[in-house]
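Everything on this sheet refers to the single structure shown next.
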Amino acid sequence: MKKQPVAIGYLERFAADYERESGNISIPEIPVRNGIKIAVVGSGPAGLSFAGDMIKLGYSVTVFEALHEIGGVLKYGIPEFRLPNAIVDVEIDNLRKMGVEFIPDCIIGKTLTYDDLHEMNFKGIFVASGAGLPRFMNIPGENLIGIMSSNEYLTRVNLMDAANPESDTPVIKGKNVAIIGGGNTAMDSVRTARRLGAQRAMIIYRRSEEEMPARIEEIKHAKEEGVEFLTLHNPIEYIGDERGRVRQMRLQKMELGEPDASGRRSPVPIPNAIETIDVDEVVVSVGVSPNPLVPNSIKGLQISKWGTIVVNQETMRSDLSDIYAGGDIVRGGATVILAMGDGRRAAAAMHEQLQK
Amino acid sequence: MNKIVSKEYFSEKVVKLVVEAPLIARARKAGHFVIVRVGEKGERIPLTIASADTEKGTITLVVQAVGRSSEKLCALHVGDYITDVVGPLGQATHIDKIGTVVCCGGGVGVAPLLPIVEAFKKAGNRVITVLAARTKELVILEDEMKKNSDEVIIMTDDGSYGKKGLVTNGVENVINREKVNLCVTIGPAIMMKFVSLLTKKYDVPTVASLNTIMVDGTGMCGACRITVGGKTKFVCIDGPEFDAHQVDFDEMMMRLSSYKDVE
């Protein structure tokens, strides 16, 4: 057993790329429609995988998307260099060919309500509205110009194509860019900053590299691209110029103490170890809270204290018998893979319920 | 894609657009806004809904050409399509019968003020509307406001129409004359700041409807964040209306200039 591991992920990717680029992508056969209408709230990974399974089972599937583009986090969040939009579009196009209807610019809970969906005769609703609200650290100076959430930064660059001179959406292209956080989104942001011309693109993380939540592969790629890692550093204040643009940040150096509730060794400030560095752009990537927009608009839906929709973990069904949910609106903040798994499980369970 | 069914110039730079959007027309309430995008490379910009016609399935937007995106929108003709219109977004205005309400607006802020004036009037309040503009030609929606207000006071900077003075002069006169239970203000940030300072002095509760930079408009990006009572709030989902006396207008104005260099 001393041989190199088999890279199953890359083999799968090769197979998918090969078929797509052959130009002869096969569309699964779709059974005759059973006449039952299903609504999907959100067109990210959970919503798309759910829609694909349900259309193959014969349902009439309509996907409602709040943004102007279909694809959710695959479009606004994950950068082009990790997942090209063209690939996402092929998948969406296949679903469309299979009969899935996509409605962009439509916010369930705002444009159409839960009651409206009932009136429109939808028999099952899958809520996959994603993680929404970006968290900030609530430290002095955090609202200075040039400091933004990773959601904002990535949405500007990915969804709005802001780095393209033809796009009307602007983005700041900092020379000294600090990304706060150690997750996958932080890695996406820092690598984006590097591509937009940052001389110093830095990850600022309060624990050590060992505790970083990002995948090892993402950390490796960031390092290969010249990203600096300021681990065991925690921002405590931002300093701006006379026009309110961020110019410097104060960092508290940390050391690792006892393990905390998460099982990771908790970072503890080192007394009097504070340093100031120059920054002209800061991307705060310390997590998101679920978007309250959909949960708040549906009466009777059970919401956890974190704002996530409470579901049965096997069936993804909520307290309301026709509402299922999956992805980040249930998990808080997880991965594309887990979201897709939720979509598939919800589809199987909803199908079973509707066949009874 | 939403079709423009009528277009009217209020002034050289201020345009009223009536746009097909049946679902939004049906769902919207006073205080709500939409996000609009013009063209495939267009920016997403927030615009407060001025009025809606549920039978015709249209909403009315009043736009001032101030930057690249609003200029593009103002340049569209009747029959053209707006690439994207999404909404209604934000929290609706809290409407109640509370007594005397002074509604004051300046510039294009007068447009989103109209549905609020209507709603407070309908709820049985005494509504006094103060409209401010630089000069006579820039006074908009006067007739519509008169229909829905007990009194309309017009203020112009140059005295070419109504009384000469700023919006704050008009509001202060009313406060000195009678008991005011609530003030609602919509307009340029600097105007709302001074209205807020004035009403704070007289202890009149005041609501300001804020218009900040947004990207998605649904709580996702945080570009619209402001400080209210020392806490960070998102205009898109917590607002757009806030207790004006708690809003950090200086910070808001600073943040509005984020991309000045780029424009």
Side-chain angles (χ1 to χ4, degrees), chain A residues 65-69 73 76-77 103-107 109-113 116 129-136 138 142-156 159-162 164-173 240 243-245 284 288-294 296, chain B residues 1-2 21 23-24 26-28 32 34-45 67-69 72 83-90 213-227 230-232 234 236-238 248 250-263:
Chain A
E65 168 57 48
L67 291 170
H68 58 268
E69 279 261 3
V73 74
Y76 76 74
I103 302 184
D105 292 328
C106 188
I107 305 172
K110 290 283 183 185
T111 319
L112 290 171
T113 62
D116 289 333
S129 52
L133 312 186
R135 280 196 210 119
F136 288 93
N138 298 313
E142 207 173 24
N143 289 347
L144 286 166
I145 298 170
I147 304 177
M148 69 198 85
S149 70
S150 49
N151 270 4
E152 179 180 350
Y153 185 61
L154 293 173
T155 300
R156 283 181 185 275
L159 180 73
M160 306 309 293
D161 198 18
N164 179 346
E166 280 172 32
S167 170
D168 291 347
T169 304
V171 66
I172 296 168
K173 294 176 183 171
R243 292 173 60 198
R245 293 170 303 187
V284 183
V288 288
S289 322
N291 197 327
L293 218 150
V294 176
N296 285 354
Chain B
M1 298 284 274
N2 302 66
L23 294 180
I24 300 173
R26 201 183 55 149
R28 74 98 211 188
H32 279 147
V34 288
I35 292 267
V36 169
R37 193 174 74 111
V38 182
E40 283 311 315
K41 293 285 170 199
E43 189 180 8
R44 293 171 66 96
I45 54 167
R68 200 198 303 199
S69 300
K72 265 191 180 175
T83 317
D84 298 279
V85 180
V86 61
L89 292 161
I213 294 172
M214 292 184 190
V215 184
D216 64 290
T218 62
M220 214 176 74
C221 78
C224 65
R225 66 194 193 276
I226 54 161
T227 304
K231 290 204 177 99
T232 295
F234 288 5
C236 66
I237 51 163
D238 300 317
D248 183 342
D250 292 331
E251 182 192 82
M252 180 189 154
M253 283 185 273
M254 176 195 89
R255 290 185 56 77
L256 278 170
S257 74
S258 291
Y259 295 97
K260 271 244 165 82
D261 299 347
V262 191
E263 286 257 338

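The chains referred to below are lettered A, B, ... by the order of the sequence lines, with proteins before strands, and numbering in each begins at 1.
Proximity to chain A involves both the backbone and the side chain of Arg44(B), based on heavy atoms less than 4.5 angstrom apart. Heavy atoms closer than 4.5 Å to chain A are found in both the backbone and the side chain of Leu23(B). Within the 4.5 angstrom heavy-atom criterion, only side-chain atoms of Tyr76(A), from C-beta onward, approach chain B. Residue Lys231(B) does not touch chain A at all, counting heavy-atom pairs closer than 4.5 Å. For Ile35(B), no part lies under 4.5 angstrom from a heavy atom of chain A. Only the side chain of Ile213(B) comes within contact range of chain A, judged by heavy atoms closer than 4.5 Å. With a 4.5 Å cut-off on non-hydrogen atoms, Leu293(A) touches chain B through its side chain but not through its backbone.
Closest approach of Ser69(B) and Asp168(A) over heavy atoms only: OG-CB, 4.2 Å.
The CZ atom of Arg37(B) sits 3.5 Å away from the NE2 atom of His68(A) when rounded to the nearest 0.5 Å. Separating the CE atom in Met214(B) from the CD atom in Glu152(A) is a distance of 12.0 Å, to the nearest 0.5 Å. The OG1 atom of Thr169(A) sits 10.5 Å away from atom CD1 of Ile45(B), with the distance rounded to the nearest 0.5 Å. Distance OG1/Thr232(B) to CZ/Arg135(A): 14.5 Å, rounded to 0.5 Å.
Of the residues considered (Ser167(A), Pro134(A), Ser149(A), Gly244(A)), Pro134(A) shows the highest number of contacts with chain B, using heavy-atom pairs under 4.5 Å. Interface remark: of the candidates Ala223(B), Gly39(B), Gly222(B), Ala223(B) forms the most heavy-atom pairs closer than 4.5 Å to chain A. The greatest number of non-hydrogen atom pairs below 4.5 Å with chain B, out of Thr113(A), Ile147(A), Ile145(A), is found for Ile145(A). Between chain B and the options Met148(A), Lys110(A), Glu166(A), the largest number of non-hydrogen pairs under 4.5 Å is found for Lys110(A). Counting heavy-atom pairs closer than 4.5 Å to chain A, the top-ranked of the candidates Met220(B), His32(B), Glu251(B) is Met220(B). Ranked by heavy-atom pairs shorter than 4.5 Å toward chain B, the options Thr155(A), Leu159(A), Asp116(A) are led by Asp116(A). Chain A forms more heavy-atom pairs under 4.5 Å with one residue of Gly90(B), Ala27(B), Ala21(B) than with any other, namely Gly90(B).
Inter-residue side-chain proximity for Val85(B) and Asp105(A) is flagged as unmet; no heavy-atom pair is nearer than 4.5 Å. Using a 4.5 Å heavy-atom cutoff, the side chains of Leu144(A) and Met254(B) are in contact. Counting heavy atoms from C-beta outward, Val171(A) and Tyr259(B) have side chains that stay 4.5 Å or more apart. Taking the side chain as every heavy atom from C-beta outward, Leu112(A) and Arg26(B) approach each other to under 4.5 Å.
Of the N and O atoms on the side chains of Asn143(A) and Thr227(B), at least one donor lies less than 3.5 Å from an acceptor on the other residue.
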